[in-house]
Structure formats: C-alpha cells, structure tokens
Amino acid sequence: MADVKTSNFIRNIIDDDLRAGRHAEGIHTRFPPEPNGYLHVGHAKSICLNFGVAEDYNGLCNLRFDDTNPTREDVEYVDSIQEDIRWLGFSWGDRRFYASDYFEQMYEYAVMLIKKGLAYVDDLTADEIRSYRGTLTEPGRESPYRNRSVEENLDLFTRMRTGEFPDGARVLRAKIDMASPNLVMRDTVIYRIAHVPHHRTGDAWCIYPMYDFAHPISDAIEGITHSLCTLEFEEHRPFYDWLLEALGFPAEERPRQIEFARLNLTGAITSKRKLRQLVEEGHVRGWDDPRMPTISGMRRRGYPPAAVRAFCEEIGVAKSNSTVDSAMLEHSVRDELNRNAPRVMAVLRPVKLVLTNYPADETEYLLAENSPTHGGQHYVPFARELYIDREDFMEDAPKKFFRLKPGGEVRLKHAYIIKCEEVVKDAAGEIIELRCTYDPETRSGGAAANRKVKGTIQWVAAEHALTAEVRLYESLLRDIPEGEEEPENFIDALNPHSLEILTDAKVESSLHLTAAGAHYQFLRVGYFVVDPDTTPDHIVFNRIVGLKDSWSKVK
C-alpha cells in the first residue's frame, strides 16, 4: 500500500478491510457522474476522493457515466466531464464505462426479480404512487397491482420494452415492504417508460432503469470494492444491499457503499438545476463563466488544479454535512499562485505621469524580479511618459496616504523615487496628467539608492505598454444584509456587480503573445490569468483572486 494521506473514516474502513484479508485483488472505486450538466466544485471533492483513494492504495478508479435519463443527457456534458477530470490531474486509463453498457444485463436482472416474485408492473400514476407510499410516521399502502402473477408481470414488462405503452403508463417496482420505516424500501420504482432517444443507444430502448437500480448493478459488474457516495444516498443503502442479495451476487464480492458529506461552499450555487437556469436564461456567459462554481468555470477563472486538489485535501472527509467558507478555497488558490505565478506590473485604471526632467528620447531597461520562489529576472522599459493607477494618487490626501500626492514622493517599483510637482486637469476638472520629477541617484546602485520613502507603486512605460481588457470578478451572489429575508427566487439574490470589465488597462510589454491560461501576479493588485478570448492583438485577463487573504487571518 502506498503512503496514505491524512486519515479519515473511509480510509479507516479500507484499512480494516485489508487487515481482514478482504480485497486481495486491490481497491477499486468509481466516479459515476450523470452527463446532464457541467461538474461543479462539489464534484471536484468527489473526484479527488474517488481517484485519490485509488491512487493511495495502488488501486483502480473507473469513470462511469450514469446515463440512465436520456431526457437531460448530452454528449457535450460527457466531453466536459472528461476534460474536468483530466484537468484535475486524474486518469481513468481504459476504464471508461457507461451505465448504458449494461442495459441488456439490467433488463435481464429485472426479469430475474420478476421471476422471483420480487418485482411487479404497476399501473399507478406517479402521483398515486407518492400517495400510496405513506409518510415517515404512517406506513404505505399496497398497490392494487402488487399481486399480479409472475406471468402477467413478465408479459407487461416485455410489452413495456417493445414500446406498447405511453410514457408514464406503467412502471416496474421492486416488491419489498410497504410498511418499512425507510421510504426507499417501500417498493421503489426500478424502471420507467421514456420514449426518448438516448445519446448512445439511440432508439434501441424506451424503458430505462432508475439510478437506484442501475447504481449497485453497475458497481457489481465492474468489481467495485468501495462505492463512495454523498450522504443523500445513505437511506438508499438498504436497497443497494437488498438488490445485490436478491440478484444472487456473492456476499464476499458485493461492493460496499459508504457515504460522506457533500461539499457546500459559502456563496456558491451547487444545484445543477439552478446552474442550468443561470446558463439558459443568460445570467452568465456559459457553463465556464468564471463566476460559476463549475470546474470549467474555476479553470477559466484561473484556479490552478493543484490548488483545488489541495483544498479538497484540506477540508477532509466528514460524515455530517457542513458549509465550508469560500475564503478557504481562495486561500489554497492564493497559496499556489504565490509560489508559482511570476510577478509583473499592470495599471488597471491608468493616468498618465510625465517625468519632466527625464530625457524625452531616452528609454532604459530596468531589471525586475520574476518570482521570489523560482528566481529569475526580466527587463522592463522605463521612459519619460508612464502610467500609474488612479488609485495611487490623491489630490487631497489624508495624513496616512503613503502613495503619490501633490508635493509628495513615492518610489516607482524597480526604478526611481519621484515627486509630484503639478496636476493637470481637463475642462471638466478630471485629472488627465501628473507632472513629476525623478531623482536619478535613487535607482538601484545609485548614490541615493537606499533613500527611504514610505510608498512604492507600480507603473508601466506609456510607449511600450500593452492595452489589455481586464475582467474583475466578484461573487455571483450578493451579500444579504442582516435583517433582510433571503429572496424566494435565487435569481433575486444575484450580485449585479459580479463582473466589471476594464477595457483600457495597461500591462508590461513582456506579456505580448502570452498564451491563454498563463498565471501572473500583478504587483500590488492581485492574481490574474490570460483568458481564452485573447488574440494576438487583444489580450484579456481574468482576476483570479486579490492579494488579501482573509482565511489565513482566520486560521
């Protein structure tokens, strides 16, 4: 067995199994997404857990698409799920499966249940089935069709398969116990009619197995040893075990279902239905919008996969649901980028600054550090006309404002100390130019290089700077003020300021022809990534996270 990461109750169960001599052939897990939408941050935890456990124990993890509901499934989602898993750094090798691979076997298993008197065709409507099921405090009532003969059930189920009946006319139900305290065990539905083409099997089927039926059978067929599910499936475990026993799978070969707490993240929407609504109604630009908590959204936002994996490892695996502060995820992202993202200078809201005592026709190249972690340097051009950020100048500055102000001095990062001599405004009173002088002796290596000033700001040379589009992302959901009720419709809780687009930002010329996906720290501003919308003539950056780390302060 490989070195195991932080222990948790799932690994403890596996360790106990191995000590007891079970699973000598190796640990085998699976990740079973339904291809009806893009994966979100909660799925990232499940991916890391299932594939991670398999890696830790030198075992195997299958990718199995739970494609049992063709009304919502699409090849687009199949492709996106595979891309997400690869991006996180995991591989399923040659073990990509689909529940639809087993449709014929599942049908035969359903026939086996009918022959054993453990399943029956029911004519009740969906509403009637719910009514007959009872409540947590009242037992259910048996369907009037529950005691059909084996022969009649076989005939009706065959006719269901051949397409004789319309959608909703009949279902196949397991025959268990309508008085069970567990509502799942009250004759759960295992097949329904749906005259809908399937993305893999076409029109071959018009009846489809329910997840509760397909899940344990698929696990058993594939030789899964530990079937890791989120907590909402805990009440389904008795049916999981009942079905495998009823179908005659040997006890020592049956998978073991283990439930863990799903990931709930503050400020994040993790309902596929709601995420689909955001996309279909145009509230976001698509499933990969950087405001979306989808894995593709996080990828486009610029989250490094190593950071997402570190976050999933940090939060651990629990038996009870809880909500994780999104600042913890941002901390993992910031920690990874702080070590690996090169530093550059950028000015998001530029104002021109002219050094009146610097030669008009001169450009010099100054050395700038790439990264404290990895070292390296690059050259940045310096000239008479520069850009600084508007937020780094204040005309009527308070005493503790240590950036640039009239008559005040600051150091330009990697360069010289400058002093503001004059403020130029347009007819509307807007500042359009700052006229300053520089001290040539304050450059590194100069006679006054160690002269101290309280502020240091970033800058870019006007003639050499690249104009960039910068997209500043905030939470998709707004903060609800204390005392205000949560809106019934989550759309009403969307943050109208979740995206601000700056079209005239200025960045270092060293970023010319930078590839999409490249990460940078913009000094004093935050961490940014090059967006796929970038072209050779138009560079686009997404803000990943700011520099401020609230989680580290909490810790």
Side-chain angles (χ1 to χ4, degrees), residues 30 32-36 62 64-73 78 96-124 126 129 143 145-176 184-185 187-224 227 236 239-250 253-255 257:
R30 84 289 172 269
E34 183 179 359
N36 64 348
N62 295 356
R64 183 205 311 139
F65 290 99
D66 168 38
D67 55 346
T68 57
N69 182 10
T71 60
R72 282 291 191 179
E73 296 162 3
V78 171
R96 182 185 66 188
F97 303 107
Y98 297 82
S100 55
D101 293 338
Y102 315 124
F103 277 176
E104 189 65 45
Q105 288 169 274
M106 291 179 191
Y107 178 82
E108 294 301 327
Y109 281 129
V111 169
M112 183 187 298
L113 289 180
I114 294 173
K115 290 180 177 179
K116 288 185 172 185
L118 297 176
Y120 62 97
V121 174
D122 195 355
D123 296 5
L124 294 179
I129 289 174
S143 166
Y145 308 99
R146 192 174 194 265
N147 295 314
R148 279 172 162 156
S149 68
V150 168
E151 291 73 22
E152 185 179 4
N153 282 317
L154 287 173
D155 174 65
L156 289 171
F157 191 50
T158 300
R159 292 160 64 191
M160 284 171 61
R161 176 175 181 171
T162 58
E164 184 174 331
F165 308 118
D167 293 0
R170 288 185 163 92
V171 295
L172 183 69
R173 297 177 69 177
K175 192 174 185 179
I176 312 176
V184 175
M185 299 297 283
D187 292 8
T188 190
V189 174
I190 57 177
Y191 263 90
R192 79 285 200 193
I193 301 170
H195 292 269
V196 180
H198 188 280
H199 70 97
R200 293 190 71 241
T201 61
D203 295 321
W205 293 88
C206 62
I207 57 170
Y208 293 96
M210 303 298 287
Y211 181 79
D212 276 348
F213 186 75
H215 173 210
I217 291 175
S218 299
D219 282 350
I221 290 172
E222 293 175 15
I224 302 304
S227 182
H236 298 250
F239 179 77
Y240 184 103
D241 296 335
W242 175 90
L243 180 63
L244 294 181
E245 181 177 358
L247 293 175
F249 286 95
E253 296 178 11
R254 292 176 207 159
Q257 179 175 305

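Not measured: the values here are computed from a predicted model. Sequential numbering from 1 along the given sequence is applied to the chain's residues.
Using a 4.5 Å cut-off on side-chain heavy atoms (C-beta onward), Tyr102 and Tyr109 make no contact. Proximity of Val121 to Tyr145: side-chain heavy atoms (C-beta onward) are nowhere separated by under 4.5 Å. The shortest side-chain heavy-atom distance between Asp67 and Arg200 falls under the 4.5 Å cut-off. Taking the side chain as every heavy atom from C-beta outward, Leu113 and Leu247 approach each other to under 4.5 Å. The shortest side-chain heavy-atom distance between Phe103 and Pro209 falls under the 4.5 Å cut-off. Using a 4.5 Å heavy-atom cutoff, the side chains of Trp242 and Thr188 are not in contact. Side-chain atoms of Arg173 and Ile129, non-hydrogen and from C-beta on, do get closer than 4.5 Å to each other.
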Derivation of the side-chain hydrogen bond (donor to acceptor under 3.5 Å, both in side chains) call for Asn62 and Glu222: CA-CA 8 Å; Asn62 295 356; Glu222 293 175 15; 2.8 Å; yes
Using the salt bridge (Lys or Arg N to Asp or Glu O under 4.0 Å) rule, take Asp219 and Arg254 through it: C-alpha gap first, then chi angles, then the decisive distance, then the call. CA-CA 8 Å; Asp219 282 350; Arg254 292 176 207 159; over 6 Å; no
side-chain contact (heavy atoms from CB on, under 4.5 Å), that's the test. Do Phe239 and Met185 meet it? Break it down for me. CA-CA 6 Å; Phe239 179 77; Met185 299 297 283; 3.7 Å; yes
Test Leu154 against Val111 for side-chain contact (heavy atoms from CB on, under 4.5 Å), laying out the working first. CA-CA 7 Å; Leu154 287 173; Val111 169; 3.8 Å; yes
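Sequence neighbours left out, the pairs with a member in residues 161-170 that pass side-chain hydrogen bond (donor to acceptor under 3.5 Å, both in side chains) are Glu104-Arg161, Asp123-Arg170, Arg159-Glu164.
With sequence neighbours excluded, the residues that form a side chain to side chain donor-acceptor pair (under 3.5 Å) with Asp66 are Thr68. Partners of Pro216 under the side chain to side chain contact (heavy atoms under 4.5 Å, CB included) rule, at least two apart in sequence or in another chain, are Tyr240, Leu243, Leu244. Taking the side chain to side chain contact (heavy atoms under 4.5 Å, CB included) definition, one finds that Pro250 meets it with Glu252, Glu253, sequence neighbours left out. Applying the side chain to side chain donor-acceptor pair (under 3.5 Å) test to Tyr107 and every residue at least two apart in sequence or in another chain returns nothing. Residues satisfying the side chain to side chain contact (heavy atoms under 4.5 Å, CB included) test with His236, not counting sequence neighbours, are Val184, Asp212, Phe233.
Atoms CG and CG, on Leu156 and Asp122 in that order, are 10.5 Å from each other to the nearest 0.5 Å. Here CZ of Phe249 is found 6.5 Å from CD1 of Ile217. Values are rounded to the nearest 0.5 Å.
Around atom CD of Glu245, no more than 12 heavy atoms belonging to other residues, nucleotides or ligands sit under 6.0 Å away. In Arg72, the CZ atom is not crowded: 12 or fewer heavy atoms of neighbouring residues, nucleotides or ligands sit closer than 6.0 Å. Heavy-atom neighbours of Lys115 NZ from other residues, nucleotides or ligands within 6.0 Å: at or below the threshold of 12.
Closest non-hydrogen pair, Met106 versus Ser218, comes out as CE-OG, 3.3 Å. Ala110 and Phe213 get closest at one heavy-atom pair: N-CZ, 3.9 Å. Annotation for His199 and Val78: closest pair CE1-CG2, 3.9 Å, computed over non-hydrogen atoms. Considering every non-hydrogen atom in both Pro197 and Pro70, the closest pair reads O-CB, 3.5 Å.
Using a 4.0 Å cut-off between charged side-chain N and carboxylate O, Arg146 and Asp187 make a salt bridge.
Side chains of Asn147 and Tyr120: a donor-acceptor N/O pair is absent below 3.5 angstrom, by distance only. Remark: the Arg30 side chain and the Ser227 side chain contain an N/O donor-acceptor pair separated by less than 3.5 Å.
Here the side chain of Glu73 pairs a donor or acceptor atom with the backbone of Asn69 at under 3.5 angstrom. Checked by atom type and distance alone, the side chain of Asn153 pairs as donor or acceptor with a backbone atom of Ser149 at under 3.5 Å. The backbone N or O of Phe165 sits less than 3.5 Å from a side-chain atom of His195, completing a donor-acceptor pair.
Geometrically, Arg64 does not engage Tyr98 in a cation-pi contact defined by less than 6.0 Å to the ring centre and at most 45° from the axis.
Taking the six-membered ring for Trp and the full ring otherwise, Phe157 and Tyr191 have centroids separated by under 6.0 Å.
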